[in-house]
Amino acid sequence: MKLIAFIISTILLVQSMNFHLSDIVKLGDLVEHAQFHQKEYGDDMFAFFAKHYGELKAEHEKQNPYEHKDHEKLPFHCDHHNSNNFQLLFAFEDETLIPTPNFSEFKELTSFYVSIYKSPDLNTILQPPRSI
């Protein structure tokens, strides 16, 4: 049961970061383009990410329009204009997998509520909570 909860929470975490399967496939292109930037411009990883995902992105695209096709191949650009829904349905045939609470373990609560208002209208319309 903990494994199922871990898997579902991991899926929700990954989806909340807008991380898709196509991004994993594009990681090779990211490494290849980073190596290109290191050879051509002498960029380290921080400069590379600033030029492609950070504050220098617009300036880099203006200076190097010939790299536009390579930039389209990079992951994590959030250019996903479609909606992907991941739905997960579990059907348990064995009822022992889902624990049911034992209600006999719960103690009966006693109420010490005392009504301080005495009015005939209150008895007909508003009823205070009572212990059964």
note = In this structure, CG of N64 is separated from NE2 of H71 (nearest 0.5 Å) by 6.5 Å
inquiry  = Tell me the closest heavy-atom pair linking K26 and P75, and the distance in Å.
reply    = O-CD, 3.5 Å
message = Tell me if the CD atom of E61 is crowded by more than 12 foreign heavy atoms within 6.0 Å.
response = yes
task = State the CD1-CG distance between I8 and L3, to the nearest 0.5 angstrom.
result = 10.0 Å
query = Looking at NZ of K51 and NZ of K57, how far apart are the two atoms once the value is rounded to the nearest 0.5 Å?
reply = 14.5 Å
task = Give the ring-plane orientation class for H37 versus H33, where under 30° counts as parallel, over 60° as perpendicular and anything between as tilted.
result = perpendicular
ask   = In the hydrophobic clustering (ILVMFWY, side-chain contacts below 4.5 Å, transitive), which residues join Y66, or is it alone?
value = F36, Y41
request  = Please round to the nearest 0.5 Å and tell me the distance separating atom CG of L27 and atom CG of L74.
outcome  = 10.5 Å
inquiry  = Can you list everything that forms a side-chain contact (heavy atoms from CB on, under 4.5 Å) with Q35? Sequence neighbours excluded, please.
reply    = V31
message = One pair to check against side chain to side chain contact (heavy atoms under 4.5 Å, CB included): H60 and H52. What are the steps and the verdict?
response = CA-CA 8 Å; H60 179 64; H52 292 87; 3.5 Å; yes
request  = Go through the structure and list residues passing side chain to side chain donor-acceptor pair (under 3.5 Å) with E40, not counting sequence neighbours.
outcome  = none
